[in-house]
Amino acid sequence: MGKLESIYPIAIENTKEKIIQDMNYYLESQETLPPFAAYVSERLSFIEQIWLNVWLNKASNDVPRKEKKVFLNERGFVTEGSDHKLINSMFRNELKSHRPFDALTWMNEAFSNKQADWEYRYKEARGNFFKRQEEQRLAKQRWKIRVRLQDEAIAYFENNSLVLYLHVRSYIAGILAKDLKNKPKFQYVDPYLLEEKLVEEGRFHATEYLMVTDFFEELTGDIHSLFDWGKNRFEYENYFYRYERLVSDLLVKIAPEKCLNQLPVGLHHDYLESYGERLTAIALQDIVRDELTDLSQACFDELQEEYVSDLLNLEGVPFDEAVHEEIFEKDEANREIRKAEALAEQARKQAEEQRMINDIIGKAYTPSLGKRVSYILHIGETNTGKTHQALQKMKEAQSGLYLAPLRLLALEVFDKLNADGIPCSLKTGEEEKLVPGATHTSSTVEMFHEKDYHEVIVIDEAQMIADKDRGFAWFRAITQANAKEVHIIGSKNIKVMLLNLLEEAELELREYRRDIPLEVEQREFELKFTKKGDALICFSRRQVLETASRLKESGHNVSMIYGSMPPENRKRQIELFNRGETSVVVATDAIGMGLNLPIRRIVFLENEKFDGTRRRRLTSQEIKQIAGRAGRKGIYDTGKVAFTAEIKIMNKLLDQADEPVQTFTIAPTSAVFERFQKYYRNMGTFFEMWERFEPPKGTKKASLSEERELYELIRGTETEARFSLMDLYGFLHIPFSAKEPSLIRQWLETVEAIAESSDLPEPIIKTRNLEELELSYKAIGLHLLFLYRMGQKTEAVYWERIREEISEGVHDQLKDEMLNYQKKCKRCGKKLPDDSRFHICDACYRRGHRKTHRLH
């Protein structure tokens, strides 16, 4: 027998029950006995419909899908391939005429000629009706009494809160004294760490705790359950929870009894009449449960404000309301005095701490401009000759220093000056190239030293002062430059800040405008439109390699530039383009920082970039910085800009007025650490102090997040103990890719080796593919940073040669990637079509989609 057959009689019985239930509701609402025929007449629509409703719902819910399909197939329906909604719909339609139950006939047989039964049913229905009305009246009356009792309890608790608290105070004082004398003290662990076994430390010492709340943080040794976010979780119990329960249990016991005796006699009488029994403390406790909870919380909050010594003085004092009230008032008055003294002491310490922070840190950020220094500001758009003009002044000087944002730019100026017959040395954190007789130096901005004098200093890309991680290097170089002339090169949006920063100095402002106009093409760019002199911009190495490979296939000679590419390789790629050996550049936004190339047209292949946190649209300043590379005087008299989409929006951003830089970032200086060491010897304390330091108006603090993460690797170790604060921070502040796990391991191993005065570990070299070559290049760069810091120049020369070999490997690998690049699925490695918009194949997408669908 199928499910359909087995539920048929059940559906009939359910139908009968619903009709009888409806009949009873009908009868109880009638003041006089109606004839059976009157019920049938009035409820005929319900009687005729009820069977269909019960039968269809019962069958739809209880009959399995497989049986539904068999039922439909027997009636000529095709169910193969039909979804469950369609099958249910067809099944319900067929059931409407399948074995109908005649409810009206059944009713007539059961009730039409049985007047005595009909009269009995009417009397029973009316009796139930009057009984229910009486119950509702009584329930309303009882509810009103409950409300009156709750109001009386609230008034009593408010008027007698002090008396009730004195009971709590006396009771808890005795328990606290016993706990401090008899309970073991445990070493503290985070309560949720149940896998940690508790270790006894001995006994409590009352003098260790000032306030009761201090003692409440101690662990009882028991485990308790907490209801948190809809789930029970277990953790080690502390005394806070134990004493919270004790306070609640005491008040639940005594407060209802005391309140009961103060209730009006009339309320007791009304309760007895309504409930049929006398009001007891236990019954009152249930009625005022919420009010008792509020009272308990208020008393417990007051208890946490108590001094441990005050409660311990109550031990052994018999409870007398008047005596305990006098003691409490005296303790409370003394408590307020002690609180005022504590607040005054706290304010004094905070003021002293603030004075110390200002003395240690604040002094470093007051500009100390040289009185005899002349500042020349070169302000303007990209590709306007600003850097050329500033470098001309430096070349004419007896001595000069060029400060660049990138090692590549420092290398470019180094090569340029030496090619022009002006001996120039190179100094970056990763390399030194000392040229005999050189009076000029090209360097990265972080290598600036305020004690070194130069006749002319050139500081490039000054808008980088706003960078959250590196900005302070520009602030330090600008405000502490030791020179006759300081030439500062920056974009238009840095002008106001520099004028404010240097308002007391001798200042000359030179503003530059593009001689070569920018023209935005109104046609959406496609790769087939690529021409000689184009620079195609995208925002990932993968996209650069893919685009370069596709251009190579279509007959273009291509140079590539991206952020993680070694500077030597970038330089070689640039030279190939400058010499005309390549006709097109494919680059990331790395092209926007100081690289002057003979570019006819800048093409944005993407209008968005991932900034380390999220994917977002390019900003106006980013578009201008990159687009400004288009056009070269004497070669392209108009710089062209093209986009693959959203031309109107991007054009609007390109024309948008520059938002002036409002703030710049400050970071710790050597002078800060020299002052800090007079007071403290711990780097963790310094990070805490830095967190509390309020930066001057117009500045923001460097987060020092990478330095903190590195510090946690050696915090509290023998390695930390062996370094001075200055040396330790120098190692923490070494510039390297701290997102690479292998480089972090290398950093840690090297720092440990220096601490132990042992040989520095050699960097790991891998050369199987482009990614490994570039990571190896970075590893050698980190090693060189340590070698130069440790003064090991001979070793450094050897590793610079190794790095050049790695750079050659990168160059060869780039050529190979361009020729053999294949777009592959990120999940399975299957080759993708060149024009695929996605990074995974259709099969992997479908598998992932099905998995996601099942999860939901």
Exercise. Would you call the rings of Trp799 and His783 parallel, tilted or perpendicular if under 30° counts as parallel and over 60° as perpendicular?
Worked result: perpendicular

Exercise. Hey, which of Glu804, Glu808, Glu581 is the one that makes salt bridge (charged side-chain N to carboxylate O under 4.0 Å, His left out) with Arg572?
Worked result: Glu808

For this session: Give a yes or no on whether the backbone of Gln398 and the side-chain of Glu455 come within a donor-acceptor separation of less than 3.5 Å.
Result: yes

Problem set entry | Side chain proximity check, Lys495 to Leu498, heavy atoms < 4.5 angstrom | no

For this session: Please name the pair of heavy atoms, one in Tyr788 and one in Ala796, separated by the smallest distance, quoted to 0.1 Å.
Result: CZ-CB, 3.7 Å

Problem set entry | Donor + acceptor pair across side chains of Glu707, His733 (<3.5 Å) | yes

Exercise. Can you list the steps and then say if Leu618 with Lys609 is a side-chain contact (heavy atoms from CB on, under 4.5 Å)?
Worked result: CA-CA 7 Å; Leu618 298 173; Lys609 66 178 284 190; 3.7 Å; yes

Exercise. Would a distance-only check, ignoring hydrogens and angles, find a side-chain to backbone donor-acceptor pair under 3.5 Å from Ser374 to Glu485?
Worked result: no

Exercise. Between Glu511 and Lys492, is there a salt bridge with N-O shorter than 4.0 Å?
Worked result: no

Problem set entry | Non-hydrogen side-chain atoms of Leu713 and Ile744 separated by less than 4.5 Å | yes

For this session: Please work out whether the ring planes of Phe723 and Phe731 are parallel, tilted or perpendicular, with thresholds of 30° and 60°.
Result: perpendicular

Exercise. Got a salt bridge between Glu622 and Lys624, using NZ or NE/NH1/NH2 to carboxylate O under 4.0 Å?
Worked result: no

Problem set entry | Side-chain donor/acceptor of Thr441 to backbone N/O of Leu401, under 3.5 Å | no

Exercise. Can a donor-acceptor pair be found between the side chains of Gln573 and Glu575 at a distance below 3.5 Å?
Worked result: no

For this session: Determine whether Leu377 and Leu507 make a side-chain contact, defined as any pair of heavy atoms from C-beta on separated by less than 4.5 Å.
Result: yes

Exercise. When the aromatic ring centroids of Tyr402 and Phe414 are compared, is their separation below 6.0 Å?
Worked result: no

Exercise. Going from CD1 on Ile357 to CD on Glu694, what distance comes out if it is rounded to the nearest 0.5 angstrom?
Worked result: 9.0 Å

Exercise. Minimum heavy-atom separation for Arg600 to Ala630, with atom names?
Worked result: O-CB, 4.2 Å

Problem set entry | Check: Ser559/Thr582 side-chain N/O donor and acceptor closer than 3.5 Å | yes

Exercise. Any ion pair linking Arg708 and Glu691 (charged N to carboxylate O, less than 4.0 Å)?
Worked result: yes

Problem set entry | Tyr777 six-ring centre to Arg803 NZ/CZ under 6.0 Å and within 45° of normal | yes

Exercise. Taking side chain as C-beta onward, heavy atoms only, is Ile574 less than 4.5 Å from Leu408?
Worked result: yes

Exercise. Are the side chains of Leu403 and Val458 in touch, meaning some heavy atoms are under 4.5 Å apart?
Worked result: no

Problem set entry | Candidate pair Cys424 and Val435, rule side-chain contact (heavy atoms from CB on, under 4.5 Å), full reasoning | CA-CA 6 Å; Cys424 178; Val435 174; 5.9 Å; no

Problem set entry | Gln392 versus Lys395, side-chain donor and acceptor atoms under 3.5 Å | yes

For this session: Output the distance between atom CG (Leu597) and atom CD1 (Ile635), rounded to the nearest 0.5 Å.
Result: 10.5 Å

Exercise. Any chance CG of Asn500 has more than 12 other-residue heavy atoms, nucleotides or ligands included, within less than 6.0 Å?
Worked result: yes

Exercise. Can you find a heavy atom in the side chain of Ile360 that is under 4.5 Å from one in the side chain of Val672?
Worked result: yes

Exercise. What's the shortest heavy-atom distance between Ser442 and Val413, and which atoms?
Worked result: OG-CB, 3.7 Å

Seminar exercise, completed: All heavy atoms of Gly684 vs all of Arg715, minimum pair found to be CA-NH2, 4.0 Å

For this session: Using a strict 4.0 Å threshold on nitrogen-to-oxygen distance, state whether Glu381 and Arg513 make a salt bridge.
Result: no

Exercise. Counting only N and O atoms by type, is there a donor-acceptor contact under 3.5 Å from the side chain of His449 to the main-chain atoms of Lys451?
Worked result: yes

Exercise. Is there a side-chain contact between Pro735 and Leu785 (heavy atoms, below 4.5 Å)?
Worked result: yes

Exercise. Of all heavy-atom pairs between Leu518 and Ala627, which one has the smallest distance, and what is that distance?
Worked result: CD2-O, 3.6 Å

Exercise. Out of curiosity, Arg629 CZ to Ile599 CD1, how far, rounded to the nearest 0.5 Å?
Worked result: 8.0 Å

Problem set entry | Straight-line distance of Leu406 CG to Thr428 OG1, nearest 0.5 Å | 11.5 Å

For this session: Could you tell me whether the side chain of Arg570 reaches within less than 4.5 Å of the side chain of Met560, counting heavy atoms only?
Result: no

Exercise. Is the backbone N or O of Ser807 less than 3.5 Å from a side-chain atom of Asn569, with the two atoms forming a donor-acceptor pair by type?
Worked result: yes

Exercise. Okay, side chain of His487, backbone of Ile459: is any donor-acceptor separation there less than 3.5 Å?
Worked result: no

Exercise. Is the closest side-chain donor-acceptor distance between Glu720 and Tyr711 under 3.5 Å?
Worked result: yes

Exercise. Counting only N and O atoms by type, is there a donor-acceptor contact under 3.5 Å from the side chain of Thr384 to the main-chain atoms of Gly380?
Worked result: no

Exercise. With a cut-off of 6.0 Å (strictly less than), are more than 12 heavy atoms of other residues, nucleotides or ligands near NZ of Lys484?
Worked result: no

Problem set entry | Approximate separation, where rounding is to 0.5 Å, of Ile465 CD1 and Thr479 OG1 | 8.0 Å

Exercise. Between Lys778 and Phe736, does a side-chain contact (heavy atoms from CB on, under 4.5 Å) hold up when you go through it step by step?
Worked result: CA-CA 8 Å; Lys778 291 176 183 177; Phe736 73 99; over 6 Å; no

Seminar exercise, completed: To the nearest 0.5 Å, atom CZ of Phe686 lies from atom CG of Leu725 at 9.0 Å

Problem set entry | Gln746 side chain to Pro763 backbone, donor-acceptor under 3.5 Å | no

For this session: Measure from the side-chain N and O atoms of Tyr375 to the backbone N and O of Ile478, and report whether any donor-acceptor pair falls under 3.5 Å.
Result: yes

For this session: Given ring pair (Phe, Tyr, Trp, His ring centres under 6.0 Å), test Phe687 with Trp690 step by step and report yes or no.
Result: CA-CA 5 Å; Phe687 284 130; Trp690 182 256; 9.1 Å; no

Problem set entry | Carboxylate-amine/guanidinium contact Glu752 Arg722, below 4.0 Å | no

Exercise. Between Tyr680 and Glu688, do the side chains contain an N or O donor and an N or O acceptor separated by less than 3.5 Å?
Worked result: no

Problem set entry | Chi angles and distances behind the side-chain contact (heavy atoms from CB on, under 4.5 Å) call for Leu748, Ile714 | CA-CA 8 Å; Leu748 179 59; Ile714 59 170; 3.5 Å; yes

For this session: Say whether, by atom type as modelled, one donor and one acceptor occur between the side chain of Ser737 and the main chain of Glu740 under 3.5 angstrom.
Result: no

Problem set entry | Non-hydrogen atoms of Leu773 and Ile806 that approach each other most closely | O-CG2, 3.4 Å

